[in-house]
Enquirer: 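Below you'll find the structure I mean.
The shown structure was predicted, so the numbers you read here are calculated from the model rather than taken from an experiment. Values below: every heavy atom of this structure, side chains too, minus hydrogens, waters and symmetry copies.
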Amino acid sequence: MSNVLIIEDEKPLAAAYKAILEKHGYTVSVVYDGQDALRAVKSAMPDLILLDMRMPKMSGIEFLRELHKTDPGKHVIIFSNHDNQAEIDEAFKLGAKRYLLKSWAAPHDLVKVVEEALAG
């Protein structure tokens with residue numbers, strides 16, 4: 001099964017995402033800030049990244065900028081509580097495949113989005 005990296009500073013939310021995806025057979029790693037995420041991308045070699053935009057030490061956009069330098073084709077799905085169009089546009093320019101608001105996504109939506117991203 002595929003390897004998913006969750007980058008989410010809200011630990012209960014990250015744990016919930018992890019549990020949902022593991023229940024569906026995914027191997028899941030979790031980090032809580034963008035700096036740790038850059039290291040995790042190299043060590044965990046994820047097939048897909050779920051990225052929060054507001055984190056300590058490095059924002060989601062800053063993470064995407066760094067990731068884009070070394071691995072521009074990496075599958076990234078943004079999960080955010082912020083609906084800022086300029087930020088959304090920049091995330092897509094930096095290679096994000098989807099941008100979803102956390103408040104609109106139910107647990108089964110997470111699995112569906114991950115399955116779709118990995119299939120295409």
Enquirer: Are L100 and I78 side-chain neighbours, meaning at least one heavy-atom pair lies under 4.5 Å?
Expert: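 Side-chain contact under 4.5 Å: no.
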Enquirer: Holding to salt bridge (Lys or Arg N to Asp or Glu O under 4.0 Å), I want the full list of residues that pass it with D47, two or more places apart in sequence or in another chain.
Expert: none
Enquirer: Which value, rounded to the nearest 0.5 Å, describes the distance between H24 atom NE2 and S2 atom OG?
Expert: 14.0 Å
Enquirer: Any heavy-atom pair between the side chains of I49 and L67 that's under 4.5 Å?
Expert: yes
Enquirer: Closest heavy-atom contact between Y99 and A91?
Expert: CD1-CB, 4.3 Å
Enquirer: Do R98 and V113 have side chains that get closer than 4.5 Å, going by heavy atoms?
Expert: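 A side-chain contact exists here, since the closest heavy-atom pair is under 4.5 Å.
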Enquirer: Would you say that K97 contacts V76 through its side chain, given a criterion of any heavy-atom pair below 4.5 Å between the two side chains?
Expert: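 Not in contact.
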Enquirer: For the CD1 atom of I77 and the CD atom of E116, what is their distance to the nearest 0.5 Å?
Expert: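 The CD1 atom of I77 sits 8.5 Å away from the CD atom of E116.
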Enquirer: Can you confirm whether the side chains of Y32 and E10 place a donor and an acceptor under 3.5 Å from each other?
Expert: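 No, no side-chain donor-acceptor contact under 3.5 Å.
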Enquirer: Atom CD of E87 and atom CG of L64: how far apart are they, to the nearest 0.5 Å?
Expert: 9.5 Å
Enquirer: Return the minimal non-hydrogen interatomic distance between A117 and L48, and the atom names on each side.
Expert: CB-CD1, 3.9 Å
Enquirer: Under 4.5 Å between any side-chain heavy atoms of V41 and M45, yes or no?
Expert: no
Enquirer: Taking all non-hydrogen atoms of both residues into account, name the closest pair between S29 and N3 and its distance.
Expert: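 So the two residues come closest at OG-OD1, 4.3 Å.
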Enquirer: If I compare all heavy atoms of R65 with all of L94, which pair ends up nearest, and what's the gap?
Expert: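 It is CG-CD1, 3.7 Å.
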Enquirer: Would N81 and L101 count as a side chain to side chain contact (heavy atoms under 4.5 Å, CB included) if you check the C-alpha gap in whole Å, the side-chain angles of each, and the deciding distance to 0.1 Å?
Expert: CA-CA 5 Å; N81 281 324; L101 291 174; 5.9 Å; no
Enquirer: With rounding to the nearest 0.5 Å, note down the distance linking CZ in F63 to CG in L38.
Expert: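 Those atoms lie 5.5 Å apart.
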Enquirer: With the threshold set at 4.0 Å, does a side-chain nitrogen-carboxylate oxygen contact exist between D36 and R39?
Expert: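 Salt bridge present between D36 and R39.
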Enquirer: Looking at every heavy atom in both V31 and A40, which two are closest together, and how far apart are they?
Expert: CG1-CB, 3.9 Å
Enquirer: Calculate, to the nearest 0.5 Å, the distance between atoms CG and CG belonging to D52 and D9 respectively.
Expert: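 Here the interatomic distance stands at 5.0 Å.
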Enquirer: State which residue, out of L5, T27, I7, fulfils the side chain to side chain contact (heavy atoms under 4.5 Å, CB included) condition with P46.
Expert: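 Testing P46 for a side chain to side chain contact (heavy atoms under 4.5 Å, CB included) against L5, T27, I7 leaves exactly one candidate, L5.
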Enquirer: So which atom in E62 and which in M58 form the shortest heavy-atom distance, rounded to 0.1 Å?
Expert: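 So the minimum-distance heavy-atom pair works out to OE1-CA, 3.2 Å.
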Enquirer: Name the orientation class of the two ring planes belonging to F79 and Y17 (parallel below 30°, tilted from 30 to 60°, perpendicular beyond 60°).
Expert: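 The arrangement is perpendicular - the two ring planes meet at more than 60°.
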Enquirer: Do L50 and E8 have side chains that approach each other closer than 4.5 Å (heavy atoms only, starting at C-beta)?
Expert: no
Enquirer: Nearest 0.5 Å, please: how far is NZ in K11 from NZ in K18?
Expert: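 Separation between the atoms: 13.0 Å.
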